[in-house]
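Every chain is numbered from 1, with letters handed out A, B, ... down the list of sequences. Predicted model, so just to flag it, every value in this text is computed and none were measured.
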Amino acid sequence: MSQLTFARAINAGLRKALENDPKVVLLGEDIGMLGGVFRVTDGLQKDFGKHRVVDTPLAESGIVGTAVGLAYRGYRPVCEIQFDGFVYPAFDQIVSQVAKLHYRTMGSVKMPITIRIPFGGGIGSPEHHSESPEAYFTHTSGLRVISVSNPQDAYTMIQQAIASDDPVVYFEPKRRYHDKGEVDEAADISTALSMERARVVTEGKDVTLVTYGPLVKTARDAALAAKDEGVSVEVIDLRSLAPVDFPVIEASVRKTGRLVITHEAGQYGGLGAEIAASITERCFYYLEEAPVRITGFDVPYPYSRLEMHHLPDLDRILDGVDRALGRPNSLSGLEG
Amino acid sequence: MSQLTFARAINAGLRKALENDPKVVLLGEDIGMLGGVFRVTDGLQKDFGKHRVVDTPLAESGIVGTAVGLAYRGYRPVCEIQFDGFVYPAFDQIVSQVAKLHYRTMGSVKMPITIRIPFGGGIGSPEHHSESPEAYFTHTSGLRVISVSNPQDAYTMIQQAIASDDPVVYFEPKRRYHDKGEVDEAADISTALSMERARVVTEGKDVTLVTYGPLVKTARDAALAAKDEGVSVEVIDLRSLAPVDFPVIEASVRKTGRLVITHEAGQYGGLGAEIAASITERCFYYLEEAPVRITGFDVPYPYSRLEMHHLPDLDRILDGVDRALGRPNSLSGLEG
Amino acid sequence: MLTEETGPGHPTNGGPANGTGSTLRTGGNLVQLISPEGERVHRPEFDVWIKDLGDEQLLALYEDMVVIRRIDKEATALQRQGELALWPPLLGQEASQIGSVRALRDDDFIFPSYRESGVAYCRGARLTEIVRTWRGNALYGWDPHRIKMATPQIVIGSQTLHAAGYGMGILNDGSDNVTITYFGDGATSQGDVNESLVFAASFQAPVVFFCQNNHWAISEPVTVQSHIQLADRAVGFGIPSMRVDGNDVLAVMAATRIALDRARKGGGPTFIEAVTYRMGPHTTADDPTRYRDPNELEDWAAKDPIKRLRTLLEAKGALTEEQIAAVDRKADQVGADLRNSCITLPDPQPMDVFEHVYSTPNSWIERQKDHYSRYLASFSGSGAGGSGSGLAEGTQEGGVR
Amino acid sequence: MLTEETGPGHPTNGGPANGTGSTLRTGGNLVQLISPEGERVHRPEFDVWIKDLGDEQLLALYEDMVVIRRIDKEATALQRQGELALWPPLLGQEASQIGSVRALRDDDFIFPSYRESGVAYCRGARLTEIVRTWRGNALYGWDPHRIKMATPQIVIGSQTLHAAGYGMGILNDGSDNVTITYFGDGATSQGDVNESLVFAASFQAPVVFFCQNNHWAISEPVTVQSHIQLADRAVGFGIPSMRVDGNDVLAVMAATRIALDRARKGGGPTFIEAVTYRMGPHTTADDPTRYRDPNELEDWAAKDPIKRLRTLLEAKGALTEEQIAAVDRKADQVGADLRNSCITLPDPQPMDVFEHVYSTPNSWIERQKDHYSRYLASFSGSGAGGSGSGLAEGTQEGGVR
Ligand SMILES: Cc1ncc(C[n+]2csc(CCOP(=O)(O)OP(=O)(O)O)c2C)c(N)n1
Ligand SMILES: Cc1ncc(C[n+]2csc(CCOP(=O)(O)OP(=O)(O)O)c2C)c(N)n1
Ligand SMILES: [Mg+2]
Ligand SMILES: [Mg+2]
């Protein structure tokens, strides 16, 4: 067990993958000598060489497109997209190639590509550096999408993602990069919890609170605060965003009858909509209130001096918990 | 009033826009001499010249990116994306530029760009020619997204889209291009129903059936079939996909207590999820059953000899109607 | 790698003798080794690359071209008869396809566009594998790993980046493989193709960029994409290029061999512009009379790639009447096989729609699959399976209804 | 338009006398009109483009460069003091920015990247408008229509396509405007930049592609992007190009004027590679000691753009002690104004987050706005407005709770 920051934990996981499989190669902008703008790949080029940890030309479609070619050649590429807002130039290669090649070739060609994307806000950055584009990928058949909320998962799940024969988009909550946590570096990825599984991180009985990535910490804090007011909140860390591990949420909602979902991404067509819709389908007769979504607003990511308004925080989440409980809340008395 | 095919109706609408405003320019691949692969722009280059109807180099990011520049210069560009599956190379320009420039410049720079995308399946085409990518755009703040289901709306709404100071993604149901309908070419777009409004196309009282684009016809047929069985289905044509005109759906669901949503796009994170989630929030106490979604499967668009399985049809919709009514259906007896 | 001093557009001259890194500058002139009239044109620096080709080999190239033209013709006919949903003809581009694919080693990997059916045939794709995509019976043609060729790429230009990445993999492996990618004149405008040139040049990856300039991108003439020669494009990325007569199978083969040799020896990527012509429509769905001057077609008919090799061989006395007949019989046989294997293709099964989305079970898809099989099973009236009716709506009996 | 015969990399030679369509081929040689030592280097074909510049004009260029260097220094200091969230320094690139922007007409439109604060200043952007984006007080700098310059573009390369489109608009208008777009060496690898060259060349749009090759894209040296000169890139698209010393304000101005003139007269796009150096970090968040040899910095310090113009002017006797002091005072004043306008910027209002998503009311946003204002109003304890706490979680009083 060691105390590692989130960024170091991913670094350790990447190192392990590079050590264990000579076919693993890392591609990205500034990931070599600089070690990435967040230092997640720090030291890896020095230790594994320029052919394993590749500083690419400045072109995201090129990064992902060449990863496809490397996968054809038997490699397991790990692409770093420098920031969430810069993944769109690669969208075509991701949606039309990475996601579809296995289906297109009826299983002949595997695409064991991992696309790492630091995402989310809260770090005071300019435009394009704080977005939460996960719903574009969860809506894309053929991709697996995961997000991590703590250093241990970050360490284990990056290795699981790389080991997966399916393409995986791996969302890293950049505002948690410096948070520390215990990491068991001896953890075996094959016996660790599957990356398709969600995890109940705080048990509770009154309300189910579902989230992922950066807001898991916020949600746990909210659960603690709610406890003081006598409300028992069960917090679920989704970990897998596509597919979502619905049985875990279902079991919780059957117990609590109340559901709150929170994410930084905009609400309209966000992942929260899928969870609300699916859980309503699966648990209609158990629900006491409509599922509540507490999300970023449906606006382009605002400038940094406004971002604290945009991002769901403890109080907004607790207001949502009140709504799910039918207690007085900011929308009380509003019709519909 | 004239009888026009869908494709001719759009053509007439484009012609009107070109006539009324010298700042309207059309950009796309093969839209000039050929008149577009679906002949939607037939004859327009001949009549308005190569500077108004521009055959562009083969690059979608280029088409949308230059449209942004034209908008800066005071033009109202109308981009044609040849097929749904070829919009992704332009995704970055759409999401990071077209959608955000008005917000970025606090209203100084308007982006009156219309992006026409023939979408959906059912025409026996190879890969990338039958997709329904609308949810990627409806999740993108700053865009308006509309779809049309009949020649009259096609004619009116293309003009409304072009006249809008906001960017509009205009989805054309390509398998309906040859369907004919009455079109009043004298219709005034300012007094016509706003493009943000939905329309009840079949009145009913037992179940609300919401859809858009190519499936409106299918939904109306389903309503007719249901009538024979004594079930009264209210069909709503959304027309606007972002924002959705929720009050119209709300009013209907308060009456019927039952909701079915159908679209060709995959279910996971599709527009149906947003509608189910939002209507559950707004009408929780009126709903008798969970909203039902009948959609394309969450698979890459399959080859044409399988597409009739993938696409929601009359029978699958009726099965969904049964589910919403709590009548025997294909999933009867399944738990959750 | 070109040095700073080289300046724009001046890759080092020099023939094959220069070995690694050598490249031939073709300037504005087309490399042509057989004239449209079927005469052998001598260009020593290219001749040296095909001097091993005797009559037998030339005859084989002739046969290849005749056979793939027959494949094309048969497939076009099948489409007209409703047996194929679509077909992208290769008529007129036989020399470009055969001259290049026949220069490759079996273990070199190919990233094609959608028009390289002739390449696929030579590579060992089965006839069913060639047509089933266009019949709508499968998304895919063949197993790319079996024949070392990716399936047809429909998104213009995407495959060129795959080639650049594959080439980077070859470098990592320390292998002397090469990868070749095919794309059209229209494709040169796509960002992906240009990024691919950037990546291949940056890493000096063993990639042959094979651009078939057939003068049209659907209805757009090549001048919409570029006012200058496409071969010049690559030079600005530091990639040497050649411009060859794409209707001349020998010129194409010589150029491809030069590029392959250069790449195998560590000399990096090469760009070849094969100047040819799309004699047919863009696809069977296209009507070129709307945009194309028929005279243009006539001009190019005079440059036919098969005719000129045939004239050359006949003049040499290397192609007898019997040999011609034998080749035609072979072509007839392939045509008949193609037709037969097309119309006897078994229909897919409904539940196939859910196969291979992921390589391991996925809870969401499994559930959808389960629900759809229950739905199909609910059609008591229609026996096992049932079927959707998206295209012919409401034609079937209800299930549980 | 270049003819087919021209061949690769051979735009027509010729000075300004050639008029429309003329272009200067710079080959491998940098155009330099002032040596690093401050001596005037004569190149008649470029000299002719700046012969109108007298001492007064040269002094103005000197002042511009000193002032924007001071802006840069002050902004960097403000960032270090926590008053700006981030700042992308322009240190070392003063000549590239001033020489180009001062060549433009007021009604020519500029599409910059994020580093052109000097360009913006000359264009009439207010100091608050320059810093507020980087303070996090606004997404935007200035009204693009007011100063004919788009706001900083962060997505690498996107703006070059906007320029191509704007240029197409100029053509449609029949105007003699020109548009210029700024981008870096790293940007040349992006698909968008290459597509922009395709579009501009195809339509012969009046666009000046101004590439500031400052040798680095964050930590990547320019050799990762290209092994050959970036100026060569454009030639392969049929766009003539020039390679100039980007630390030489006169060379930059001459080249830009040539390009503008050419475009205004219908000669289409031109590409300029300004060879310069990023003396500072990529942004204030960057630490170049991790990847950059300090000797390199020293070498380039010797080529400082301001020093060389100053030496030239002093040698001519055109820059007195008083003039130097006056320029420094002006710079000090601008620096002080910048600081003041930065720290006194009013904080945004919470509900601003919902403004300008659309140009007309949007039912979905209106509802979200209404809900959030109710939420804020629910904080009875914290007075009007309240505030979220995304960054300092759970620090505020509950609302209705
Ligand atoms: C990204 C993308 N955009 C548009 C299309 C539609 N399309 C199919 S083929 C074609 C023209 C291609 O021309 P070219 O590259 O010259 O190849 P050719 O068909 O002549 O072989 C177009 C525009 C596509 N397949 N992919
Ligand atoms: C599409 C995109 N990818 C990545 C980035 C992150 N990024 C910001 S600046 C930069 C380097 C740009 O280098 P260059 O084009 O040479 O411009 P310079 O910063 O040197 O002025 C990178 C990779 C970005 N802003 N946009
Ligand atoms: Mg072509
Ligand atoms: Mg740079």
Measuring heavy-atom distances to chain A, does [X] have an atom under 4.5 Å in its side chain, in its backbone, in both, or in neither?
| X | value |
| --- | --- |
| C/A150 | both |
| C/S158 | both |
| C/N177 | side chain |
| C/V353 | both |
| C/Q159 | neither |
| C/I154 | neither |
| C/V155 | side chain |

Which value, rounded to the nearest 0.5 Å, describes the distance between [X] atom [atom1] and [Y] atom [atom2]?
| X | Y | atom1 | atom2 | result |
| --- | --- | --- | --- | --- |
| A/H102 | C/H356 | NE2 | NE2 | 7.0 Å |
| C/Q153 | A/S96 | CD | OG | 8.0 Å |
| A/S278 | C/R367 | OG | CZ | 7.0 Å |
| A/Q93 | C/L161 | CD | CG | 5.5 Å |

Please flag which part of [X] lies under 4.5 Å from any non-hydrogen atom of chain C: side chain, backbone, both or neither.
| X | result |
| --- | --- |
| A/V54 | side chain |
| A/Y72 | both |
| A/K100 | neither |
| A/L143 | backbone |
| A/T56 | both |
| A/A67 | neither |

In terms of heavy-atom pairs under 4.5 Å, which option from [options] contacts chain A the most?
| options | result |
| --- | --- |
| C/L139, C/D143, C/N172 | C/N172 |
| C/T160, C/T151, C/T179, C/N362 | C/N362 |
| C/D173, C/T133, C/D192 | C/D173 |
| C/G141, C/P144, C/A164 | C/P144 |

Could you tell me which non-hydrogen atom of [X] sits nearest to which non-hydrogen atom of [Y], and how far apart they are?
| X | Y | result |
| --- | --- | --- |
| C/P361 | A/E196 | O-OE1, 3.6 Å |
| C/V198 | A/P57 | CG1-CB, 3.6 Å |
| A/P243 | C/W364 | CB-CB, 3.9 Å |

Determine the option with the most heavy-atom pairs under 4.5 angstrom with chain C, choosing from [options].
| options | answer |
| --- | --- |
| A/A59, A/G69, A/A99, A/S61 | A/G69 |
| A/L101, A/V109, A/D245, A/L70 | A/L70 |
| A/S108, A/G49, A/P167 | A/S108 |
| A/V64, A/L27, A/T66 | A/T66 |
| A/T105, A/D165, A/V25 | A/T105 |

Candidate pair A/R104 and C/Y140, rule side-chain hydrogen bond (donor to acceptor under 3.5 Å, both in side chains), full reasoning: CA-CA 5 Å; A/R104 178 178 305 153; C/Y140 88 130; over 6 Å; no
Between C/H162 and A/V68, is there a donor-acceptor pair closer than 3.5 Å when you use the side chain of the first and the backbone of the second? no
Is the terminal nitrogen or CZ of A/R144 (NZ for Lys, CZ for Arg) located under 6.0 angstrom from the six-membered ring centre of C/Y358 and within 45° of that ring's axis? yes
